[in-house]
**Q** 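Would you mind keeping the following structure in view while I ask a few things?
Quick caveat: nothing in here was measured; it's all calculated off a predicted structure. Whatever order the structure lists ligands and atoms in, that order sets their numbers, starting from 1.
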Amino acid sequence: MKILGISAHYHDSAAALVVDGVPVCAVQEERLSRRKNDAAFPGRAIDWCLAHGRVEPEELDAVVFYERSMLKFERILTCALRAFPRSWRSFPHAIRNTLGEKVWMRGIISSYLGVPRQKIFFTDHHASHAAAAFLAAPTRCAAILTADGVGEWATLTAGRGERRPDGTTEIALAREIRFPHSLGMLYSTFTAYLGFAVNEDEYKVMGLAAYGRPTMLDEMQKLVRRTPDGAFTLAPEYFEFQTTASRSYSSKFIDLFGPARSPYDPIDLESPEGRRFADCAASVQRVLEDLLVDLARQLRRDTGLSDLCFGGGVALNGVANARVLAESGFERVFVPPAPGDAGCALGAALYADRLYFHQRDRDVPDHPFWGPAVDAEELARAAREDGQPVEELDDPAAIERVADELAAGRIVGWMEGACEFGPRALGHRSILAAPHAREMRDRLNRDIKCREEFRPFAPVVPIESADRYFDLPPGGARLARFMSGVFPVRPEWRSRLAAVTHVDGSARVQVVDREMAPRLHALLDAYGRRTGIPVLLNTSFNVAGEPIVTRALEGYSTFRRAGIDVLAAGSTLVRKPALAPARPGKEDIAWWSESVAGSGAV
Ligand SMILES: [Fe+2]
């Protein structure tokens with residue numbers, strides 16, 4: 001069976017193609033349209049998926065949209081009516097937005113692809129999240145937890161999934177929390193209050209939380225009330241997201257927490273105001289973690305299972321995920337590389353395959369690389385046309401050369417194979433650099449990322465060496481496979497991994513399995529042979545405001561505009577003629593030579 005999955009119109013549209021039960025490809029619209037967080041109907045992503053899979057639209061057995069648009073419309077209408085007359089200003093806007101395209105998805109898909117309407121199906125939003133988390137994970141029986149802002153009505157679901165020996169599949173979501181009681185909305189409300197972009201900058205709240213203390217838990221208790229069944233409700237008087245799209249918090253919220261931060265004001269962590277914002281972030285982060293741990297603990301008790309599959313946008317919170325792993329009793333926690341709505345395109349297609357059409361269960365390859373592949377020839381052509389020297393090496397030589405450049409303190413744009421599906425660069429569209437000196441972090445923030453200094457960069461390490469540098473609990477390496485957990489850097493390594501160690505001593509580490517990313521694994525080994533530490537700084541290959549690069553040409557353009565010294569597409573390399581000085585900083589040289597001499601190859 002050939003099934004196309006689509007997610008669109010909320011945030012990060014995407015398409016995915018599943019053939020005979022196995023994903024063939026998946027891509028977010030933003031990676032092709034080059035508009036960050038593109039939420040439009042994903043025409044480019046659909047076209048690319050069909051072309052890549054060599055499937056004509058008329059050959060498709062089904063097209064599955066990731067949520068039930070009419071139910072979502074019903075929620076918006078109901079909430080607006082409940083809030084009338086307060087909602088009268090925002091109501092026409094909400095209706096226009098919803099009626100514009102979202103409700104009429106069947107017609108839009110049918111006319112875009114020319115497929116008959118009876119081939120178009122809809123899944124529940126949280127069923128799509130659940131399928132993306134469970135059906136793509138290497139487990140046969142697991143508890144399932146999903147949490148996001150909101151789908152149709154559900155904001156959190158809990159249940160279990162089973163892939164049975166007879167080839168049948170079951171996903172049963174027995175429990176549901178409904179809008180407006182939403183962990184995602186709670187976190188997004190603080191995201192807006194702290195002056196960040198909702199649905200985009202939630203991770204900045206998590207980063208800022210490490211600078212604060214959870215001093216506002218009493219205030220938080222007024223907002224979030226625990227219920228006897230272990231769930232929670234949000235006190236509606238503190239929120240406005242349920243009635244208007246223009247502001248998510250009420251004046252009562254301001255009375256409780258103080259004035260909101262303007263997005264244009266820098267955060268000065270030395271000032272009382274800056275510390276208040278950091279404490280707010282720490283408080284909401286603590287509440288989110290505590291709730292998730294309690295819900296997961298209860299799910300563990302109810303199911304008696306040892307694996308948990310966790311999906312939905314809330315599963316991007318790596319600090320909370322690490323606590324769930326450590327405290328809920330689950331032995332393994334699987335978070336997919338695209339737990340948010342983009343991943344629902346793949347989830348919806350897999351759900352339809354297994355649960356609508358009852359196709360036989362199949363293993364889904366355990367990697368995030370489902371997008372367009374990089375074309376090294378394209379890089380060579382672009383660089384030559386631009387008058388830049390190009391080196392086309394064999395593969396081992398290219399890896400050794402890149403390791404030399406990194407060990408000399410240079411910043412490398414690293415493009416390899418198919419691009420990642422999901423928000424994180426996991427070694428196929430990454431900017432890599434030496435992780436040792438704080439100056440490297442500052443240089444990346446200043447010259448490439450143009451971002452707040454409180455935001456940490458992530459390290460990447462081979463699985464064989466991960467425990468030496470990072471304090472991973474049992475199951476931690478699995479969570480770190482797709483950079484889904486934040487774990488402590490071992491204290492003795494923090495000063496030597498200063499560019500990737502957050503202020504609280506933690507890091508959102510990616511642990512690389514040779515089988516999943518052999519070239520990145522080889523590069524880490526080669527870097528370790530030079531420096532004694534096989535750890536690199538890994539950040540997404542993009543500049544502020546742009547999506548992660550997809551094609552070699554986009555990588556080249558970013559390389560030319562930003563402070564990247566070397567660009568690699570496969571084993572084709574381009575270097576800037578005037579490079580940064582070798583070695584990241586004087587103070588590093590002592591330990592560097594010491595560690596190379598002392599420990600030898602790692
Ligand atoms: Fe969602």
**Q** Are Glu170 and Arg164 ion-paired here, with the side-chain N under 4.0 Å from a carboxylate O?
**A**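 A salt bridge is present here (some side-chain N lies under 4.0 Å from a carboxylate O).
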**Q** Between the side chains of Thr169 and Glu162, does any donor sit under 3.5 Å from an acceptor?
**A**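 Not at all, the side chains of Thr169 and Glu162 share no donor-acceptor pair under 3.5 Å.
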**Q** May I ask you to decide whether Lys119 forms a salt bridge with Asp61, counting only side-chain N to carboxylate O separations under 4.0 Å?
**A**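 Salt bridge absent between Lys119 and Asp61.
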**Q** Going by the side-chain hydrogen bond (donor to acceptor under 3.5 Å, both in side chains) test, which pairs reach into residues 129-138, not counting sequence neighbours?
**A**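 The answer is His125-His129, His129-Asp148, His129-Asp341.
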**Q** Is there a side-chain contact between Val205 and Asp201 in this structure, where contact means two heavy atoms from C-beta onward sitting under 4.5 Å apart?
**A**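 No - every pair of side-chain heavy atoms lies 4.5 Å or more apart.
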**Q** Which label fits Tyr193 and Phe253: parallel for a plane angle under 30°, tilted from 30 to 60°, or perpendicular past 60°?
**A**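 Judged by the thresholds at 30° and 60°, the geometry between Tyr193 and Phe253 is perpendicular.
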**Q** Give every protein N, O or S atom lying under 2.8 Å from the Fe ion (ligand 1), naming each by residue and atom.
**A**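 Result, waters dropped: His125 NE2, His129 NE2, Asp148 OD2, Asp341 OD1.
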